[in-house]
Asker: 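Just passing along the structure, written as structure tokens.
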Amino acid sequence: MNIVFLGPPGSGKGTHAARISEAMGLPRISTGDMLRENMKLSTPLGIEAKSFVEAGKLVPDELVIDMLKERLAEPDCANGVLFDGFPRTERQAEALDEIAKIDRVINLDISDAEIVERMSGRRVCPACGFTTHVSWMGDDLACKKCGGVLEMRADDAPETVLERLRVYHRQTQPLIDYYEQKGLLRTVSSVGDVADVQQRVREALA
Ligand code: AMP
């Protein structure tokens, strides 16, 4: 089964896809995580992607599509995958249609105001990728999973978040119609408790 998680930056795609990944035993493919890993390792792709990611822009389609194709060729993807943050443009959605049959698209719905509030408080562990929010961690900067030191993602800075939202509305939001027309879309409110949202996601997948 192939599932796409669609939604603006900060809507909880990563959090909910990770939980579904565990429950269904399917790998979560996050193009954002893959790009950040490439940037950390200064691979040629990472070096090329860096200026786009840091400015809150999308990395050019062909780079991301090639990276994704390579990942999908790995054996753990044979029974399906959860796409987190891909596709983000119509060109990417069309490319995806050529390489995988999409069974369901979960569209996480949330207002821009709520996103700005969430992302200004988001903290991530650079070592293991664990993500949390200042309202849950108090003064404790230690990662619950690996003990690393949590930090703010460079592209979660307020001005970059606003640019990422503009990019989302212009380039990614049209995919809601794209998948609606294919009869694959299920829209779930991403407002409220993580457990409640996860329950709604599971119902939408049932
Ligand atoms: P994310 O972690 O999914 O919020 O992605 C972080 C950043 O990586 C985005 O703001 C883009 O710069 C880049 N990125 C991630 N996925 C894609 C994609 N499918 N297409 C283009 N750029 C992407």
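If you read the sequence from its start, that first residue is 1, and numbering goes on from there. Basis for what follows: all heavy atoms, side chains included, without hydrogens, waters or symmetry-related copies. Whatever order the structure lists them in is the order used to number ligands and atoms, beginning at 1.
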Asker: Would you check the N or O atoms of Asp155, main chain and side chain alike, for any that come under 3.5 Å of an N or O of ligand 1?
Answerer: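 N/O-N/O distance below 3.5 Å does not exist for this pair.
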
Asker: Check Arg200 with Glu203, please: is the shortest side-chain N to carboxylate O separation under 4.0 Å?
Answerer: no

Asker: Note the single closest protein heavy atom to atom 20 (N) of ligand 1, along with its residue, its atom name and the distance in Å.
Answerer: Gln92 NE2, 2.9 Å

Asker: Name the option, out of Met34, Arg36, Glu163, Lys50, that contains the heavy atom nearest to atom 2 (O) of ligand 1.
Answerer: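 Considering heavy atoms of Met34, Arg36, Glu163, Lys50, the nearest to atom 2 (O) of ligand 1 sits in Arg36.
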
Asker: Answer with yes or no whether the side chains of Asp112 and Tyr168 bring together a donor and an acceptor at under 3.5 Å.
Answerer: no

Asker: Return the option from Met119, Lys13, Arg88 holding the heavy atom at the smallest distance from atom 1 (P) of ligand 1.
Answerer: Arg88

Asker: Please state which protein non-hydrogen atom is closest to atom 12 (O) of ligand 1 and give its distance, to 0.1 Å?
Answerer: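 Ranked first by proximity to atom 12 (O) of ligand 1 is Lys57 O, 2.6 Å.
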
Asker: Atom 10 (O) of ligand 1: which protein heavy atom is closest, and how many Å away?
Answerer: Arg164 NE, 3.7 Å

Asker: Does a side-chain N-to-carboxylate-O contact under 4.0 Å join Arg71 and Asp76?
Answerer: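 Looking at Asp76 together with Arg71, the answer is yes, because their closest N to O distance falls below 4.0 Å.
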
Asker: Quick one: look up the protein heavy atom nearest atom 16 (N) of ligand 1 and list residue, atom name and how far away it is.
Answerer: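 Of every protein heavy atom, Thr31 OG1, 2.8 Å lies nearest to atom 16 (N) of ligand 1.
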
Asker: Any nitrogen or oxygen of Val64, main chain or side chain, under 3.5 Å from a nitrogen or oxygen of ligand 1?
Answerer: no

Asker: Any nitrogen or oxygen of Asp33, side chain or backbone, less than 3.5 Å from one on ligand 1?
Answerer: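 No - when backbone and side-chain N and O of Asp33 are compared with those of ligand 1, no distance drops under 3.5 Å.
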
Asker: Consider only side-chain N and O atoms of Asp109 and Ser189, and report whether a donor and an acceptor are under 3.5 Å apart.
Answerer: no

Asker: Any heavy-atom pair between the side chains of Val197 and Ser190 that's under 4.5 Å?
Answerer: yes

Asker: Provide the number and element of each atom of ligand 1 under 4.0 Å from a heavy atom of Arg153.
Answerer: 1 (P), 2 (O), 4 (O), 6 (C)

Asker: Is it true that Arg123 and Asp156 have a side-chain N and a carboxylate O under 4.0 angstrom from each other?
Answerer: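 Salt bridge between Arg123 and Asp156, a charged N being under 4.0 Å from a carboxylate O: no.
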
Asker: Go through Leu35 and Phe52 one step at a time and tell me if the side-chain contact (heavy atoms from CB on, under 4.5 Å) criterion holds.
Answerer: CA-CA 11 Å; Leu35 290 166; Phe52 295 100; over 6 Å; no

Asker: Salt bridge between Asp61 and Arg91, side-chain N to carboxylate O under 4.0 Å?
Answerer: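 Here Asp61 does not pair with Arg91 in a salt bridge, since their nearest N and O are not under 4.0 Å apart.
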
Asker: Note the single closest protein heavy atom to atom 23 (C) of ligand 1, along with its residue, its atom name and the distance in Å.
Answerer: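 Ranking protein heavy atoms by distance from atom 23 (C) of ligand 1, first comes Leu35 CD1, 3.8 Å.
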
Asker: Taking only heavy atoms of Gly85 into account, list the atoms of ligand 1 that are under 4.0 Å away from them.
Answerer: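 In order of numbering, the contacting atoms are 16 (N), 17 (C), 18 (C), 19 (N).
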
Asker: Please check whether Val59 reaches ligand 1 - meaning an N/O of the residue sits under 3.5 Å from an N/O of the ligand, judged on distance alone.
Answerer: yes

Asker: Would you mind checking if Arg28 and Asp84 are paired as a salt bridge, meaning a charged N to carboxylate O distance below 4.0 Å?
Answerer: yes

